[in-house]
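So that the names make sense, note that chain A is the first sequence line, chain B the second, and so on, each numbered from 1.
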Protein chains: 2
Amino acid sequence: MKNIIEILKEKDIAPSMQRIKILEYLQNYKTHPTADMIYQALADEMPTLSKTTVYNTLKTFTEKGVLVALSLFENEVRYEYTKEPHIHFKCTKCGRIYDVLKTFKCLKNENIEGHQVIEHHVNLRGICKNCLEKVED
Amino acid sequence: MKNIIEILKEKDIAPSMQRIKILEYLQNYKTHPTADMIYQALADEMPTLSKTTVYNTLKTFTEKGVLVALSLFENEVRYEYTKEPHIHFKCTKCGRIYDVLKTFKCLKNENIEGHQVIEHHVNLRGICKNCLEKVED
DNA sequence: TACAAATTTGTAATCGTTACAAAGTAGTAT
DNA sequence: ATACTACTTTGTAACGATTACAAATTTGTA
Ligand SMILES: [Mn+2]
Ligand SMILES: [Mn+2]
Ligand SMILES: [Zn+2]
Ligand SMILES: [Zn+2]
């Protein structure tokens with residue numbers, strides 16, 4: 001909890017209760033949730049929480065570099081509390097999103113064919129380990 | 001024109017006028033357009049064209065493997081007539097999407113950490129060659 | 001020509017997201 | 001304490017992309 005407040009202050013974000021809870025959720029649940037999933041999860045313990053606040057907060061966090069917004073598939077935005085660079089795998093069966101640790105040459109800050117790269121995303125899609133095992137049964 | 005009809009028949013898609021025009025557009029314009037861009041472009045010469053038809057057609061084409069749907073950024077779906085594997089660069093200034101020919105190890109059909117990969121997308125974002133030159137002026 | 005199947009069309013509905021203005025909160029000066 | 005200000009949150013309405021749906025049209029075939 002103390003840690004979260006420090007993180008926000010370092011980024012010049014006032015640590016309101018809503019902001020703390022949202023960042024705490026993203027630190028605890030590494031499921032790459034959508035804005036709506038975060039809202040649904042927090043609505044129980046914060047009955048007055050507004051979905052607009054979730055959207056506003058996620059936007060602020062992303063702009064200040066606290067979170068990373070992911071455009072994977074099915075055009076919905078997903079959020080994660082960012083650490084080291086990694087790539088993503090989304091399962092077409094269960095919808096789960098996995099972090100894949102496979103190393104890749106990140107082109108961030110490099111110049112590719114004359115273009116200056118600022119973000120580099122690698123998105124895989126297929127059938128996850130879990131769902132493959134189920135089919136075998 | 002003849003070519004397009006053959007492509008559709010090979011994929012068991014009846015070559016209606018609408019489908020021919022839409023595929024023709026995607027063959028001629030490598031701009032990775034959205035459904036709406038395609039609709040706007042064709043509406044002039046096909047006044048009765050319905051946007052629903054564009055969406056239906058793009059869905060059919062994607063399911064049958066004629067086109068590839070791209071989820072880049074800003075959660076909007078873009079379409080391209082697919083050839084060799086390549087990666088994409090989207091400019092934050094002008095919004096243009098570039099094909100980048102840089103080789104990369106495509107993981108399609110491979111097994112990564114137990115997951116079976118079916119699609120592999122690499123998305124770059126930054127400032128394109130064109131926009132970089134403009135800033136220098 | 002008749003009929004069934006496929007395709008297209010227009011409209012309404014849905015979903016994720018954003019705009020906006022009112023209400024609430026917190027810090028500061030008086 | 002009070003008043004003022006800036007910031008944050010909230011609820012509602014609006015928006016844009018996409019989908020659902022059923023009627024109308026076209027197509028292929030008997
Ligand atoms: Mn991740
Ligand atoms: Mn391309
Ligand atoms: Zn799965
Ligand atoms: Zn540009």
Worksheet item: Rounding to a whole Å, what distance do you find between K9(A):NZ and dG27(C):C1'?
Response: 13 Å
Worksheet item: Along nucleotides 6-16 of chain C, 5' to 3', which nucleotides get a B, which get an S, and which get a -, given that the test is a protein heavy-atom distance under 4.0 Å?
Response: -SSBBB----S
Would you give me the side-chain donor-acceptor pairs under 3.5 Å for residues 51-61 of chain B, sequence neighbours excluded?
{"unit_1": "K51(B)", "atom_1": "NZ", "unit_2": "D36(B)", "atom_2": "OD1", "d": "2.5"}
{"unit_1": "N56(B)", "atom_1": "ND2", "unit_2": "T52(B)", "atom_2": "O", "d": "3.4"}
{"unit_1": "T57(B)", "atom_1": "OG1", "unit_2": "T53(B)", "atom_2": "O", "d": "2.7"}
{"unit_1": "T60(B)", "atom_1": "OG1", "unit_2": "N56(B)", "atom_2": "O", "d": "3.0"}

Fill in: Sequence-distant partners of P85(B), side-chain contact (heavy atoms from CB on, under 4.5 Å), two or more places apart
none
Practice prompt. Tell me, yes or no, whether the heavy-atom count around K108(B) atom NZ, taken from other residues, nucleotides or ligands under 6.0 Å, exceeds 12.
Written response: no
Practice prompt. Calculate the interatomic distance between L8(A) atom CG and dT8(D) atom P; express it in whole Å.
Written response: 11 Å
Practice prompt. Sequence neighbours left out, what passes salt bridge (charged side-chain N to carboxylate O under 4.0 Å, His left out) with E76(A)? Give chain and number order.
Written response: R78(A), K90(A)
Discussion item. Tell me the interatomic distance from E74(A), atom CD, to dT19(D), atom P, rounded to whole angstroms.
Written reply: 10 Å
Fill in: ring pair (Phe, Tyr, Trp, His ring centres under 6.0 Å) partners of Y98(A), counting only residues at least two apart
H115(B)
Item to complete: Output all residues satisfying salt bridge (charged side-chain N to carboxylate O under 4.0 Å, His left out) with E45(B), sequence neighbours left out; order by chain, then residue number.
Response: K21(B)
Fill in: Nucleotide dA19(C), atom C1' - distance to NZ of K59(A) in whole Å
10 Å
Fill in: Rounded distance (Å) that lies between atom C1' of dT9(D) and atom OH of Y39(A)
13 Å
